[in-house]
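The next block holds one structure in the form of C-alpha cells; read it before the comments.
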Amino acid sequence: MRTLLDLKTGEKAIVKKITGYSLIHRRLLDMGIVSGTCVQLVKSAPLGDPLEFKIKGYHLSLRKSEASTVEIM
Amino acid sequence: MKWEYMSNKIKVALAGNPNSGKTTLFNALTGSRQHVGNYPGVTVERKETKCKYNGIEITVVDLPGIYSLTPYSIEELVARNFIFQEKPDVIIDVIDSSNLERNLYLAIQFIELDVPLLLVFNMIDEAISKGYHIDIKLLSRLLNTPVVTTVASKGEGIDDIFKTVVALAGNRNQASSSIIKYGKEIDSQINILSDYLLNKNIMNGKYAFKWLAIKLLEEDSEIIQEINKNCDNSEEILSLSSKCRDYLQSFFGEKPERIIGDKRYGFINGLCKETVYLAQEDRISTSEKIDSVLTNRILGIPIFILFMWIVFQLTFTLGNPPMRLIEFCIGSLGRFIAFFMNDGILRSLIVDGVIGGVGGVLVFLPNILLLFLALAVLEDTGYMARVAFIVDKLMHFIGLHGKSFIPLLIGFGCSVPAILGTRTIENRKDRIITILVVPFMSCGARLPVYTLLIGAFFSSAVAGNVLFSIYITGFLLAILMAGIFKKFLFPGESTPFVMELPPYRIPTLKSVIIHMWEHTWLYLQKAGTILLSLSILIWFLTNFPQNITYSKDYENNIKSARENFVINMEPLAQKLNVSIEDIDKNEDIKKIIENLKTLKQSEDAVKQGELLKYQYGELYNLSVNYMELQNYIAGQMEEKQREKLGVSYAGRMGKVLEPFISPLGFDWKIGVALFSGFAAKEVIVSTLGTIYSLEEADENSISLREALKKDKIFSPLVAYTLMIFILIYSPCIATIVVVWKETNSYFWPLFMIFYTICLAWILAFFIYQGGRLLGLN
Ligand SMILES: Nc1nc2c(ncn2[C@@H]2O[C@H](COP(=O)(O)OP(=O)(O)O)[C@@H](O)[C@H]2O)c(=O)[nH]1
Ligand SMILES: [Mg+2]
C-alpha cells in the first residue's frame with residue numbers, strides 16, 4: 001500500500017482513498033483530497049515535517065502522520 | 001412587491017474560504033477599515049458595518065473563513081451558526097477565482113441551503129495571471145446562481161455586487177439546490193429523508209429540508225444534537241436516517257459522508273471542465289519560486305530567524321528617536337502647565353496624575369506602532385503561514401501546534417488579539433495550552449517598563465542584549481510550560497496539522513496601514529480611557545490622606561538649619577562681599593559646588609579638593625557649608641515625602657505586600673506599582689511616575705529615570721529581577737477577561753493568574769538571591 005509519504009519531492013500521484021474516519025479525515029476530504037485527485041509533493045519543511053503538497057491548484061501542508069493516512073495509486 | 005422591500009433594510013453576510021478576500025471586500029463595500037491579512041483565519045470575530053446604497057441601508061457582516069459547512073474549527077461553527085440563526089437576507093460567498101475547485105466546494109453547500117446567494121468571483125486578476133479563463137456566464141447558468149466578478153483589492157466590481165444584492169433581497173425565493181446531483185443512489189436516499197422531514201415540518205423549516213437530509217446522511221454531530229434537543233420525534237428521524245445510511249454504506253462499501261464529499265468534488269470537477277480553460281498547466285508561479293527560497297531546507301530556518309531579528313531591531317532601534325521627541329514634548333507640556341498654575345491639589349492632579357500617567361504611556365507609541373507594522377507586513381505577505389509550516393515540528397515537539405506560533409507571535413504585540421487568534425487552533429486542548437502560555441510572550445505594554453528600567457540601570461551598549469534576554473526568557477518559559485501542561489494537564493493525542501499555504505502577495509500600503517492603525521488605535525483608546533482613570537486613581541491613592549501628622553517637624557528643621565547657616569556664615573560672607581540672601585545666585589559658588597559634586601565621583605578627589613581650596617580660599621569654605629545646607633534640605637524633603645507616601649493609601653497597600661516581595665529585593669513602592677500593573681502593564685510606568693514625582697524636592701521635574709537611579713532600593717540586579725517578575729506575573733485584566741470568555745470557564749483565568757504569580761515569584765527569587773550570592777548587587 002502506497003501513501004503520500006512514499007512520494008519523492010516533485011512527484012505526483014493520484015489519490016486512491018483516505019484510510020480512517022475521524023474528524024481529521026473529514027477535514028482532508030473537505031480540503032479536496034478525494035479519490036481521483038492529483039497530488040504533488042512540493043517539499044518538506046526545513047525540519048523534515050510537515051510536508052507541503054500541491055492539490056487542485058493550491059498548496060496544503062500536512063504532517064507526516066496525516067499524510068500517511070492517504071493512500072495513493 | 002419589490003419597491004416595498006427596497007425601502008427596507010438588508011442584511012448581508014460575507015462568507016467564504018479563509019483568505020479569499022472577504023475582509024478586503026468588506027472594506028471596499030463599506031468603506032470601513034477592517035484588518036486584512038494574508039493568513040488563513042485572520043478574521044476571528046465577525047465584524048458588522050452599515051452602509052448605504054441608493055437609499056437602502058445595507059448591513060454587511062464579515063464572517064470568519066470556512067472551508068465547509070461541516071464545522072471543524074470554532075470559526076466554522078461561528079460562521080455556520082450566524083447563517084442559520086440570524087438568517088441574513090443575502091449571503092455573499094466570496095470565492096478565490098484562482099483556487100476555484102476548493103472554493104466551489106463551499107459554494108455548492110451554500111446553494112443547497114436554498115437561501116438568496118450571490119457568488120462573488122474575487123481575485124479574478126490572479127486567476128487570469130495564472131492562466132485561467134472562466135466562462136462566468138455559463139457557470140452562473142449551470143449553478144442557477146448569480147455570479148459577479150471582482151478585484152476587491154482594487155475596488156473593481158463593487159457596484160455590481162450592490163446591484164445584485166438589492167435585486168436578490170427583493171426576490172427571496174431562490175431555490176437552486178436541485179442543480180447539484182449526487183447520483184441516483186444518494187439522491188434517492190436524500191429524497192426519502194427530505195420528504196419525511198418536509199411532511200413533519202421539522203424545526204419549522206429552519207434548515208432547508210434537502211440540506212438537513214444531506215447533513216443527516218453525513219452524520220453531522222451538531223445537527224443531530226439539535227434534533228435531539230428540539231424534536232419530539234427525534235428517535236424516529238434518526239432511525240430513518242441511519243436506515244438510509246446503512247443502505248448507502250452497503251451499496252458503496254464506504255461511509256456515506258465520504259461518498260457525498262467525493263461526489264461534490266466530482267460535480268465541481270465536471271463543472272470546471274465545462275467552464276474553465278487553463279492556458280498553460282503546471283507553470284511555476286512567482287509565489288512558488290519565492291517559497292522555494294523562504295522555506296528552503298537549508299535557508300528556511302536562517303531566513304526565519306533573520307526575519308524575527310529584523311522585526312525586533314526595527315521595533316526597538318527605529319522607535320527610539322521619535323520616543324525621545326514625544327518624551328520631550330510631554331515634559332514641556334507638564335512644565336508649561338506647572339508654570340501657569342498655582343501650586344496645589346489641582347496642579348498636582350493635572351501635572352503628576354494626568355500628564356505624568358498618560359504621557360508616560362504615550363511615549364511608547366512609536367515602538368508599538370513599529371511592532372504592529374512588522375506583524376502586519378509578515379501577515380499580509382503570507383509569510384505567517386510559512387512560519388507555522390517551518391516551526392510546526394518544534395512546536396509539535398513541545399506539545400503545541402504550528403498554528404500556535406502565530407498567536408504567540410502576535411502575543412508580542414498584545415495578548416488579547418493573540419488569544420482571539422487561537423481560535424484557528426481546532427483542538428481545544430491545544431488551544432487552552434496556547435492561551436495559557438501566550439502571556440509569556442512579552443506584550444507591547446510591558447515594553448515601556450523595560451525601556452524605563454533598562455534606560456535607567458544599564459548602559460546603552462548592553463541595553464539591546466538585556467531586552468533580548470527578557471524576551472527570550474519569556475519564550476523559553478512558554479515552551480517549558482507548554483510542555484509541562486501538555487504532559488500533566490492534557491495527556492494524550494495531539495492535533496493534526498492541516499493548513500493551507502496561501503500564495504505570497506505584495507501587501508497593499510492601505511491594508512498594512514489599516515492593520516497597524518487598528519491595533520494602535522486600540523492602544524490609544526486604552527491610554528485615553530482605562531489608563532487615564534487609573535492614573536487619576538493612583539494619583540489619589542498616593543496623595544491621600546492629606547492631613548498627616550509627621551513624626552518630625554521637617555519644615556521647622558529646615559527653617560532652623562537655614563537660620564543657623566545665616567548666623568554662622570554672615571561674617572564670612574560679608575568679608576567676601578557676598579550677599580547671604582542671594583547666595584544661590586552667586587556664580588562662583590555655583591561653580592565650586594558643581595565642581596565638588598563631580599569630584600566625589602573621581603578617583604583623586606582629595607587632591608583635587610585641595611586644589612580647589614587653594615584656588616578659591618575662603619570662598620571655598622562658604623561653598624562647602626552652603627552645599628551641606630542644600631543637601632540637608634533635600635534630605636529632609638525627601639524624608640518627608642517618603643513619610644507622606646508611606647501613610648498614603650497606596651503606601652499602606654504596598655506595605656502589606658512588602659513582606660512577600662522583599663525576598664525579591666522589592667520594596668513597598670514597587671509593590672504598589674506591581675499591584676497597579678494588574679490593571680494594565682503600562683500602568684506600572686505611570687504609577688512609578690506618580691510615586692516618584694512626589695519625591696522630587698524641587699519644582700523642576702527631573703525625568704523618572706533619574707528619580708529611579710537616585711532611589712537606593714534599585715540596583716541593576718533589582719531592576720532585572722523586576723523586569724523578569726513583570727514579564728511573568730499575572731496578565732492584565734483585559735487578557736483575563738478574554739481568557740474567561742474564550743474558554744467559557746472561570747477556572748482557566750483564575751488558574752492563569754495563580755500559576756503565573758507563583759512562577760514569577762520563584763524565578764525572581766532565584767535571580768535576585770542568586771545574583772546577590774554572586775555579588776552582583
Ligand atoms: N490580487 C488580488 N489580491 C486580493 C484581492 N482581494 C484580496 N486580495 C488579497 O488577498 C489577501 C487576503 O485577503 P483578506 O481580505 O484578508 O481575506 P479573508 O481571509 O477572506 O478575509 C490580502 O493580502 C488581500 O490584499 C483581489 O481581488 N486580487
Ligand atoms: Mg478576513
Side-chain angles (χ1 to χ4, degrees), chain A residues 3-5 7-73, chain B residues 67-70 72-73 96 98-103 105-106 130 132 218 221 254-255 257-258 260-266 268-269 278 282 287-288 291-292 295-302 304 385-386 388-394 396-397 402 426 494-503:
Chain A
T3 69
L4 286 181
L5 273 192
L7 287 177
K8 289 192 213 48
T9 304
E11 195 186 348
K12 289 179 189 171
I14 305 288
V15 173
K16 198 159 132 199
K17 62 180 257 208
I18 302 170
T19 47
Y21 293 97
S22 58
L23 214 54
I24 170 65
H25 300 109
R26 170 83 228 196
R27 181 56 157 208
L28 292 179
L29 181 120
D30 285 342
M31 299 302 277
I33 301 183
V34 291
S35 52
T37 310
C38 177
V39 183
Q40 181 185 18
L41 175 64
V42 179
K43 62 164 126 23
S44 43
L47 297 172
D49 200 13
L51 307 173
E52 178 182 344
F53 297 98
K54 191 170 176 181
I55 169 177
K56 291 189 187 294
Y58 79 98
H59 292 251
L60 179 70
S61 89
L62 301 176
R63 276 199 199 128
K64 282 182 172 167
S65 50
E66 282 94 56
S68 69
T69 64
V70 180
E71 246 180 82
I72 53 174
M73 290 191 213
Chain B
Y67 288 109
S68 166
L69 282 181
T70 307
Y72 179 71
S73 65
D96 173 0
S98 66
N99 187 356
L100 209 51
E101 281 191 68
R102 204 203 56 223
N103 277 262
Y105 183 76
L106 178 66
K130 264 190 174 178
Y132 290 108
E218 286 184 312
S221 55
E254 180 62 284
K255 293 215 174 188
E257 63 264 29
R258 186 71 45 90
I260 289 174
D262 275 5
K263 294 282 179 190
R264 274 195 195 124
Y265 269 112
I268 292 166
N269 201 268
L278 185 54
D282 271 354
S287 173
E288 284 167 315
D291 206 41
S292 66
T295 58
N296 183 282
R297 269 216 106 118
I298 298 153
L299 295 177
I301 291 175
F304 163 69
R386 271 68 185 189
F389 179 68
I390 290 173
V391 300
D392 180 66
K393 185 154 184 192
L394 273 180
H396 189 47
F397 183 69
E426 293 91 357
S494 60
T495 342
F497 182 84
V498 179
M499 197 178 75
E500 185 187 354
L501 297 170

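Only this structure's heavy atoms are used, side chains among them; waters, hydrogens and symmetry mates stay out.
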Let me know if [X] has heavy atoms under 4.5 Å from chain A in its side chain, its backbone, both or neither.
| X | answer |
| --- | --- |
| B:Tyr105 | side chain |
| B:Ser221 | neither |
| B:Leu394 | both |

Counting C-beta onward and ignoring hydrogens, is there a side-chain heavy-atom pair between [X] and [Y] closer than 4.5 Å?
| X | Y | answer |
| --- | --- | --- |
| A:Ile24 | B:Val498 | yes |
| B:Arg258 | A:Arg26 | no |
| A:Ser44 | B:Arg297 | yes |

Rounded to the nearest 0.5 Å, what separates atom [atom1] in [X] from atom [atom2] in [Y]?
| X | Y | atom1 | atom2 | value |
| --- | --- | --- | --- | --- |
| A:Glu52 | B:Leu501 | CD | CG | 5.0 Å |
| B:Phe497 | A:Glu66 | CZ | CD | 9.0 Å |
| A:Asp30 | B:Leu106 | CG | CG | 9.5 Å |

Check each atom of [X] against the heavy atoms of chain B and say whether the ones under 4.5 Å are side chain, backbone, both or neither.
| X | answer |
| --- | --- |
| A:Ile18 | both |
| A:Tyr21 | both |
| A:Ser61 | both |

Max heavy-atom pair count under 4.5 Å with chain B, selected residue of A:Leu29, A:Leu62, A:Leu60: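 Counting heavy-atom pairs under 4.5 Å, the top option is A:Leu29.
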
Mind listing the closest non-hydrogen atom pair of B:Gly300 and A:Pro46 along with its distance?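 Heavy atoms of B:Gly300 and A:Pro46 come nearest at CA-CG, 4.2 Å.
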
With a 3.5 Å distance limit and no angle check, can you tell me whether B:Tyr265 reaches the backbone of A:Gly32 through a side-chain donor-acceptor pair?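 Present.
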
For the side chain of B:Glu500 and the backbone of A:His59, is there at least one donor-acceptor N/O pair under 3.5 Å apart?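 Not confirmed, B:Glu500 side chain does not pair with A:His59 backbone.
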
Any donor-acceptor N or O pair under 3.5 Å, side chains B:Asp262, A:Ser35: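 Yes, side-chain donor-acceptor contact under 3.5 Å.
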
Can you confirm if the NZ or CZ of B:Arg102 lies within 45° of the ring axis of A:Tyr58 and under 6.0 Å from the centre of its six-membered ring?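 Geometry flag: set, cation within 6.0 Å and 45°.
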
Are B:Asp291 and A:Lys43 ion-paired here, with the side-chain N under 4.0 Å from a carboxylate O?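 Yes, charged N to carboxylate O under 4.0 Å.
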
Under the side-chain contact (heavy atoms from CB on, under 4.5 Å) rule, what do A:Lys54 and B:Glu288 come out as? Steps first, then yes or no, please. CA-CA 11 Å; A:Lys54 191 170 176 181; B:Glu288 284 167 315; 3.0 Å; yes

For A:Leu47 and B:Ile301, run side-chain contact (heavy atoms from CB on, under 4.5 Å): C-alpha distance rounded to whole Å, both residues' side-chain angles, the deciding distance at 0.1 Å, then the answer. CA-CA 9 Å; A:Leu47 297 172; B:Ile301 291 175; 3.4 Å; yes

Options B:Glu254, B:Arg264, B:Lys255, ranked by heavy-atom pairs under 4.5 Å with chain A, top entry: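 Among B:Glu254, B:Arg264, B:Lys255, the one with the most close pairs to chain A is B:Lys255.
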
